[in-house]
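Chain letters run A, B, ... following the sequence lines, proteins first and then strands; every chain starts at 1.
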Amino acid sequence: MVLDNRFLGVDFGQRRKMATKLDKIFNSLDSDRVFKDKGILQTNYTPSTIPHRDSEIEQVASILAPALRKERPSNLFIYGKTGSGKTLSIHYVREEMLRRIKERNFSEDEFSLVIEYLNCKLKKVSDTEYRILAELIKKLGGEVPATGLPTDYVYQKFIEIIERRKQLVILILDEVDQAIKKISDNFLYNFTRLNSELSKAQICVVGISNDLTFLDSLDPRVRSSLSEEEVVFPPYNAIQLQDILKERAKKAFKEGVVEEGVIAKCAALAAREHGDARRCLDLMRVAGEIAERECSKKISIKHIDRANEKIERDKIIDSVQTGPKQFQLILLAIIGLFEAKHERIFTGEVYDAYQNLCRKVKTEILTQRRMGDILNELEMSGMIRTNVISKGRWGRMREIKISVLPNILSRAKIILTESLGL
DNA sequence: GTCAATTCACATGAAAGAGACCACGGTCTAGTG
DNA sequence: CTAGACCGTGGTCTCTTTCATGTGAATTGACGA
């Protein structure tokens, strides 16, 4: 009813105007397109060639090669910063191995090779021991409820499934460092020791981590058995990033769309962020989207700048909006302090300001211990930067800085005050 | 003046509790033949 | 007799608190030159 009235209330001229506007938007979708195939710049796209990673791929392949001879390869550990091509390369090697094993077609019951990939970081999928196991079981064709069972039972089930037949299982655990931070490392220990419990099947673990110091934090026993072999993926430099980008841009965009210098700029921005190729491609894609939305036929450097800001803003705004109430309160306390003094902010001050805010919105106040953890999490999400400093006689504390552009910050503040009802 | 001890204000770890969610097996209940 | 509802028990997960221990440099105070 309400809807009807509103429709009737709009006079014809206005509707007409709206219609032409929409025409413009919808028509621009197919006439003025900059993109030839946007999917090429999306993160889940797997290119046919992986430039500048030949030697790493060779190393990985040669380590895993024994699997094709029905022998268990050494456990492997792969390091490299985000966007250095680890995941892409391991996927590539996996595909190649599976293709080869298919060509040789061993009879099913004699021997089979299973290579499973699991990203341990994806929240809600697998950041506990139970869930990782459950996920693996699911991938191997078993069925396990999301919760409610004892972990030992799930282990048993996992072994059962693997032991169903004579096979070699290569488990690729991406971003294990994330998982191990939450679970203890004897999870990995169990995994590497699993072979002694298996009679028919064998397991090989490939761990991938973007934290180079991760291995040091492990139990020595786990370390030695997990990283029998190691491969390091160095970050791409700006020139390599340009190569990658050129290749993809050629396929993704129509000819002549990308202006001079755009690719260089893009690569330079990403190279500054430890050579993150993913970031680089994102930048290019978002720049393309912005250009398209403006009905511009070319992508220029200013689009890259805008894309850079937009990516940053979306990331921040999103985590501000979706964060739990306590996170929002603490963030708001930090923003308030930052605006008031524009100087270095310390833990104690934040806690005081946070307590005041809690009283204002009548929310229970968390302990300072907990706030410390939340500050760490905020740092993880890139909202703030913290640094533990000691002021001698005046104690030890975190120094907190905001690492967000001012215009994004004020936007975030508005969102926070609104959603908290202040 | 020098050097070790002290001190502050937290950081950081470990353990444990609360409350939500879920599986499983046993018991109860209503519907069916 | 049986399918489904219901309940109690025991498990995980997340968020949180409590208790304990660690930390780094300014400050203090004893000591000797």
Among B/dC10, C/dC13, B/dT12, find the nucleotide with the atom closest to the side chain of A/V388.
B/dT12
Residue A/M397, side-chain atoms from C-beta onward, closest of B/dC10, C/dT14, C/dT12
B/dC10
Contact nearer the 5' end of DNA chain C, comparing A/R396 with A/K391:
A/R396
Without decimals, in angstroms, what is the distance between [X] [atom1] and [N] [atom2]?
{"X": "A/E135", "N": "C/dT12", "atom1": "CD", "atom2": "C1'", "value": "16 Å"}
{"X": "A/D373", "N": "B/dC10", "atom1": "CG", "atom2": "C1'", "value": "13 Å"}
{"X": "A/I374", "N": "B/dA11", "atom1": "CD1", "atom2": "P", "value": "13 Å"}
{"X": "A/L366", "N": "C/dT14", "atom1": "CG", "atom2": "P", "value": "18 Å"}
{"X": "A/E399", "N": "B/dA9", "atom1": "CD", "atom2": "C1'", "value": "15 Å"}
{"X": "A/Y153", "N": "C/dG11", "atom1": "OH", "atom2": "C1'", "value": "13 Å"}
{"X": "A/L133", "N": "C/dG11", "atom1": "CG", "atom2": "C1'", "value": "15 Å"}
{"X": "A/M371", "N": "B/dT12", "atom1": "CE", "atom2": "C1'", "value": "14 Å"}

Could you tell me if A/R359 sits above the aromatic ring of A/Y354, with its cationic atom closer than 6.0 Å to the ring centre and no more than 45 degrees from the axis?
no
Hey, is the side chain of A/R370 poking within less than 4.0 Å of OP1 or OP2 on B/dA11, counting only N and O atoms?
no
Should A/T367 be listed as having a side-chain N or O under 4.0 Å from OP1 or OP2 of C/dT16?
no
Any N/O donor-acceptor pair, A/R369 side-chain to C/dT17 base, under 3.5 Å:
no
Using a 6.0 Å cut-off, check whether atom [atom1] of [X] has over 12 heavy atoms from anything other than its own residue.
{"X": "A/K139", "atom1": "NZ", "result": "yes"}
{"X": "A/R72", "atom1": "CZ", "result": "yes"}
{"X": "A/I239", "atom1": "CD1", "result": "no"}

Run A/H91 and A/Y117 through ring pair (Phe, Tyr, Trp, His ring centres under 6.0 Å) and show every step you take.
CA-CA 8 Å; A/H91 270 309; A/Y117 169 87; 4.4 Å; yes
5′-ward residue of the pair A/G372/A/R393 relative to DNA chain B:
A/R393
Using a 4.0 Å heavy-atom cut-off, does [X] contact any base of the nucleic acid, only the sugar-phosphate backbone, or nothing at all?
{"X": "A/R398", "value": "sugar-phosphate"}
{"X": "A/I389", "value": "nothing"}
{"X": "A/I365", "value": "sugar-phosphate"}

